[in-house]
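Numbers here simply count residues along the sequence, with the first being 1. Counting starts at 1 for both ligands and their atoms, following the listed order.
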Amino acid sequence: MKEILSDRTKLIDSSGIRKVFALAASLKDPVNFSIGQPDFDVPDELKEEAIKAIRAGQNKYSQTAGDAILKERIAEEVRDEFGWSEPAVLVASGVSGGLLLAFLALINPDDEVIIPDPYFVIYKHIINMLGGRCVFVDSYPNFELPIEKIADAITNKTKMIILNSPCNPTGVVYSEQQIKALAKITAEKGILILTDEIYERFCYDGECPSIADYYEKTLVLRGFSKSYAMTGWRLGYVAASESLKDVVEEMTKIQQYTFVCAPTPFQKAAVAAMDYETSDFVDAYRKKRDLLYEGLKDKFELVKPSGAFYAFVKAPSGSGTEFVEKAIANNVLVIPGNVFSEKDTHFRISYATSDEKIQEGIEILRRL
Ligand code: PMP
């Protein structure tokens, strides 16, 4: 079988995650700190919008770049937020879909992409598959934006810099000051920024600034999966200022021959989602963040997360992988840091679970 597979399949190594799930398969009612999706369900009003769209026969292809009403609603949002007069918008099959289209449209073999480490896993694997080169810049131990290291990593092969704030896996939110400093550097060199803002609504301590506010040559990727717990609906979007219109057009062309369009009835529901008030969810998640952080901070080395629903915790002894094996043997599922990093010193906790399970998990982790 092996010989029929493409060489590019060998560039993806998912053994770290698979090992966790294999170990986890035997557990009964574990504390599951491994899941990257909210524990609440899609709000009923939004479910009704999707059902209404399906009943009304809106089940065919939408336009490649997305339903016209949804695109206009997204354009209005980014116009207001970033002051872009004629934004380019593409509705994608999740942020993952948007990322694939962006990388397909932009990355040539040997192009370099600068990525703060730790990072969300997808970036590395798609870029590698396309023959691009990931240039990781270490952001340990506080996971703030490593501006000087990024500046030093820029070469004439640099195609883009990827930002993810709030960050998966660290929960860190980049400050306005850091973002402005980076925008100044990229403006001097004209380098493209791709900012993955899928967790923008999970923002607990004031604002979560976007580099798109300070730098025009920015592709913004945002999604519906996390904000409304609709990870299975496969909806996200790409938005950019007029200066990147050609990039978004090329991405749309690739969508035409790959995904074709994002799921139509869910695009209809997404229009209502954009006006749906999510502050109750965010308040509940802020409390979960507090519960987890307060429960671990005196025993473990961890940065207080300001967004998303993750904490990236230093393994108290041994490697991240060794600690994860111990945690799983004690019924707590966590993910080793080397899934998200070139280092294996930490582990990721997702606190997107019930308060009772968070409490139970804290108690077990403290005993290890
Ligand atoms: N970016 C980040 C940082 C994520 O954590 C995720 C989901 N785990 C995604 C993108 C992809 O989300 P989706 O494709 O569901 O929109």
Quiz item: Got Leu101 and Leu90 here, is their nearest side-chain heavy-atom distance under 4.5 Å?
Solution: yes
Would you mind checking which non-hydrogen protein atom is closest to [atom], with the distance to 0.1 Å?
atom                    : result
atom 12 (O) of ligand 1 : Ile198 CD1, 3.2 Å
atom 8 (N) of ligand 1  : Lys226 NZ, 2.8 Å
atom 6 (C) of ligand 1  : Phe120 CZ, 3.3 Å
atom 3 (C) of ligand 1  : Asp196 OD2, 3.3 Å
atom 16 (O) of ligand 1 : Val95 N, 2.7 Å

Enumerated ligand 1 atoms positioned under 4.0 Å from heavy atoms of [X]:
X      : result
Arg234 : 13 (P), 14 (O), 15 (O)
Asn164 : 3 (C)
Gly94  : 14 (O), 16 (O)
Asn168 : 3 (C), 4 (C), 5 (O)

Taking the six-membered ring for Trp and the full ring for Phe, Tyr or His, determine whether the centres of [X] and [Y] are under 6.0 Å apart.
X      : Y      : value
Tyr204 : Tyr285 : no
Tyr199 : Phe309 : yes
Phe281 : Phe40  : yes
Phe143 : Phe312 : yes

Practice problem: Please state whether the rings of His346 and Tyr140 are parallel, tilted or perpendicular, taking 30° and 60° as the class boundaries. | Solution: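 Ring orientation, 0 to 90° scale: perpendicular.
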Is the shortest distance from a heavy atom of [X] to ligand 1 less than 4.0 Å?
X      : result
Tyr199 : yes
Ser96  : yes
Gln37  : no

Quiz item: Judging by distance only, is a nitrogen or oxygen of Ser225 under 3.5 angstrom from one on ligand 1?
Solution: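 By distance alone, the answer is yes.
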Quiz prompt | Check: Thr345 main-chain N/O paired with Lys314 side-chain donor or acceptor under 3.5 Å | solution = no
Quiz prompt | Main-chain N/O of Leu5 paired with Thr9 side-chain donor or acceptor, under 3.5 Å | solution = no
Self-check item: Electrostatic pair Arg222-Asp196, nearest N-O below 4.0 angstrom
Solution: no
